[in-house]
Amino acid sequence: MRILLLTHAFNSLTQRLGAELQRRGYEISIEFDIADSVAEEAVALFKPQLIVAPYLRRAIPESIWSQHVCLIVHPGIIGDRGPSALDWAIQEGKAEWGVTVLQAEAEMDAGPVWASAVFPLRLAKKSSIYRNEVTQAATTAVLQAVERYAAGDFVPTPLTEYSDGRGRLRPLMKQTDRVVDWQGDDTATVLRKINAADGFPGVADSLFGEPCHIFDAWPEAVLRGVPEAKPGDLLARRETAVLRKTCDGALWISHAKRAGSIKLPVTLAFAAESASLPEAPLADWWRVDGETWQDIAYEESDAVGFLHFEFYNGAMSTFQCERLRSALAWAKQRPVQVLVLMGGTDFWSNGIHLNVIEAADSPADESWNNINAMNDLARELIETGGQVTIAALAGNAGAGGCFLARAADLVWAREGVILNPHYKNMGNLYGSEYWTYLLPHRLGETNVGGRSRAIMRNRQPLTAQRAAETGFSDACLAGDTQAYRIDVARGAAEIAAAPDLAARLAAKRERRAQDEAEKPLAAYREEELAHMRRNFYGFDPSYHVARHHFVRKSPASWTPRHLARHRDLGWKVPT
Ligand code: COA
């Protein structure tokens with residue numbers, strides 16, 4: 001069956017659905033919803049038997065839904081309608097939420113229901129709920145709806161047939177609905193409001209007396225500032241975040257977007273202003289008990305060390321790479337046999353920090369500094385001789401983040417995670433992080449050969465399962481977060497306790513020494529950076545243009561050809 005995915009962007013939900021449908025033998029092509037005429041053209045070319053719309057910002061034209069069954073993914077429970085589904089659910093503290101797959105009709109989100117799924121609504125950021133619970137529920141519901149459609153005899157249920165207790169039409173949530181009253185709202189309320197706006201659009205507020213949108217809040221259990229501090233006052237700074245007093249406590253705010261600018265770490269968006277705040281550093285890398293904001297945290301269980309790095313959006317600036325490298329070097333001195341790099345809840349790593357680079361006086365110089373800091377971090381990991389290293393991916397990884405993970409001895413990913421192990425989407429970036437060493441070795445090639453080249457060129461997302469099948473990763477673990485954590489801890493403990501551990505480590509050191517003798521890591525790095533120097537400083541500005549559009553969220557003006565298969569030269573509807 002041919003299924004056209006009509007979507008606003010190739011976001012992680014669309015990637016997951018595309019991969020899951022392909023895995024079940026459906027033929028998939030993708031078109032971005034740019035204009036009615038473009039969507040109509042895609043339908044005429046691909047002649048889909050079914051259209052699935054995972055992520056749309058406007059209605060499907062009647063010319064399409066009146067001729068084809070179009071299944072819309074709505075991130076809300078049955079009957080819920082409107083563009084701010086998740087925002088309302090999070091802000092109002094609902095205990096349970098869901099995803100509904102309904103058929104497109106004249107009235108938005110009001111068509112008959114093909115499938116739905118519900119989940120407990122975690123206390124978390126909207127973007128996190130979207131990438132985890134919503135994506136999982138949408139995958140379940142879409143696969144069920146597609147099976148029902150394929151069976152041919154299923155009749156979707158009109159909304160009117162559902163009894164009371166279902167959702168309702170809600171308006172777009174406006175900034176007036178999101179306002180934080182620092183004098184009156186308790187910490188839990190402020191947190192819900194900032195969570196409900198996370199990713200986009202943020203909460204319109206002010207910092208240091210300047211209007212801005214704020215993102216990513218974390219409650220603080222202990223620090224309350226000086227006795228005379230009032231609710232709304234800024235109390236302290238730590239690394240990239242600032243601490244703000246509420247009427248019954250305090251919370252950290254990590255990101256801000258000033259008017260006319262892009263989203264940045266607060267201490268960069270307000271560099272001069274935040275420098276005057278007192279610092280509230282943490283003593284060391286050990287995970288702090290109780291609530292606070294800690295972007296790098298280490299913990300141990302017997303012979304296994306776990307290094308967490310909760311970097312917003314998985315983006316890693318020069319400063320963050322340097323700090324993580326220090327933490328890793330420190331962890332390597334601990335008396336542990338296995339080191340697990342846990343990454344963050346939503347992302348493991350998405351590579352260099354494109355927003356920080358964009359905001360720099362010289363984006364080319366900052367790109368150069370950032371990729372060198374990433375490389376130093378990757379080398380620190382590759383050169384770990386005393387422990388078995390594991391990259392454990394609870395969240396997605398993209399571009400350099402995937403190759404940083406590959407610098408570990410083992411890569412384990414939670415089922416449901418999406419990996420994008422390629423760089424070319426960012427203006428034909430060549431990439432570094434020693435990928436020319438890591439990928440071919442991993443795939444059993446002597447140098448960048450057919451399979452490595454195909455992964456880099458095809459630019460396709462890999463599900464955790466597919467990544468393990470292709471050999472890019474080593475294992476796909478449980479999808480449920482709790483079960484996944486248990487899997488990781490148990491697997492790491494087994495390696496640490498295995499009788500052959502000493503032999504395994506000795507063999508690893510010997511292999512690394514042989515590899516180094518054949519071709520030093522420095523040579524790989526030099527070759528990769530020669531390409532990157534051209535990307536950053538050469539006459540072709542593609543990378544700078546692509547980054548500019550990426551961080552400013554410019555709407556797409558065409559669908560990349562590697563996604564829109566129906567636009568391939570010579571593509572024909574199979575007979
Ligand atoms: N630097 C800065 N911000 C980044 C980033 C990076 N490397 N990668 C992702 N982000 C941000 C996005 O801008 C977005 O920001 P928002 O909070 O304003 O929404 C957020 O992270 C989530 O990204 P999004 O693209 O919506 O997530 P996704 O899960 O749908 O897609 C990727 C994941 C990896 C495919 C996509 O984010 C991507 O292509 N990132 C760039 C990777 C890259 O080229 N890195 C540089 C080369 S090493």
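Both ligands and their constituent atoms are indexed starting at 1 by order of listing.
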So that I can tick it off, tell me whether [Y] and [X] are bridged by a salt bridge, with the cut-off set at under 4.0 angstrom between side-chain N and carboxylate O.
X    : Y    : result
D205 : R244 : yes
E31  : R567 : yes
D474 : R442 : yes
D33  : R57  : no
D480 : R485 : no

Using the benzene-type ring in the case of Trp, are the ring centres of Y312 and F215 under 6.0 Å apart?
no
* Asked: So, W348 versus F309, ring centres under 6.0 angstrom or not?
  -> yes
Which atoms of ligand 1 have any heavy atom of [X] under 4.0 Å away?
X    : answer
N11  : 30 (O)
L429 : 47 (C)
N355 : 2 (C), 3 (N)
A315 : 1 (N), 2 (C), 3 (N), 6 (C)
N420 : 35 (C)
M426 : 41 (C), 44 (O)

message = Checking side-chain polar atoms at under 3.5 Å, does N355 have a donor or acceptor matched by the opposite partner on H353?
response = no
| request: Please step through ring pair (Phe, Tyr, Trp, His ring centres under 6.0 Å) for the pair F536 and Y543, ending with a clear verdict. | output: CA-CA 7 Å; F536 299 156; Y543 155 71; 5.2 Å; yes
N or O pair under 3.5 Å between [X] and ligand 1:
X    : answer
L354 : yes
H353 : no
E433 : no
S12  : yes

Of the backbone atoms (N, CA, C, O) and the side-chain heavy atoms from C-beta on, which set of [X] has a member under 4.0 Å from an atom of ligand 1: side chain, backbone, both, or neither?
X    : result
M374 : neither
N425 : neither
F550 : side chain

Just need the protein heavy atom nearest to [atom], so name the residue and atom and give the distance.
atom                    : value
atom 48 (S) of ligand 1 : G400 N, 3.3 Å
atom 13 (O) of ligand 1 : K553 NZ, 2.9 Å
atom 22 (C) of ligand 1 : R131 NH2, 3.0 Å
atom 9 (C) of ligand 1  : N350 ND2, 3.5 Å
atom 17 (O) of ligand 1 : K263 NZ, 2.7 Å
atom 46 (C) of ligand 1 : I352 CG1, 3.7 Å
atom 43 (C) of ligand 1 : A399 CB, 3.6 Å
atom 21 (O) of ligand 1 : N313 CG, 3.0 Å

*Could you check T240 against F319 for side chain to side chain contact (heavy atoms under 4.5 Å, CB included), going step by step and ending with a plain yes or no?*
CA-CA 10 Å; T240 51; F319 176 57; 4.3 Å; yes
Check: Any non-hydrogen protein atom below 4.0 Å of atom 2 (C) of ligand 1?
Finding: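 Within 4.0 Å of atom 2 (C) of ligand 1, protein heavy atoms are found.
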Next item on the list: Output the distance between atom CZ (R552) and atom CZ (R547), rounded to the nearest 0.5 Å.
Entry: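 It is 9.0 Å, given to the nearest 0.5 Å.
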| task | With side chain to side chain contact (heavy atoms under 4.5 Å, CB included) as the test, would you mind laying out the steps for L234 and I253 before giving the verdict? | result | CA-CA 10 Å; L234 292 171; I253 300 169; 5.6 Å; no
message: Would H562 and K424 count as a side chain to side chain contact (heavy atoms under 4.5 Å, CB included) here? Give the steps.
response: CA-CA 12 Å; H562 69 282; K424 280 188 179 299; over 6 Å; no
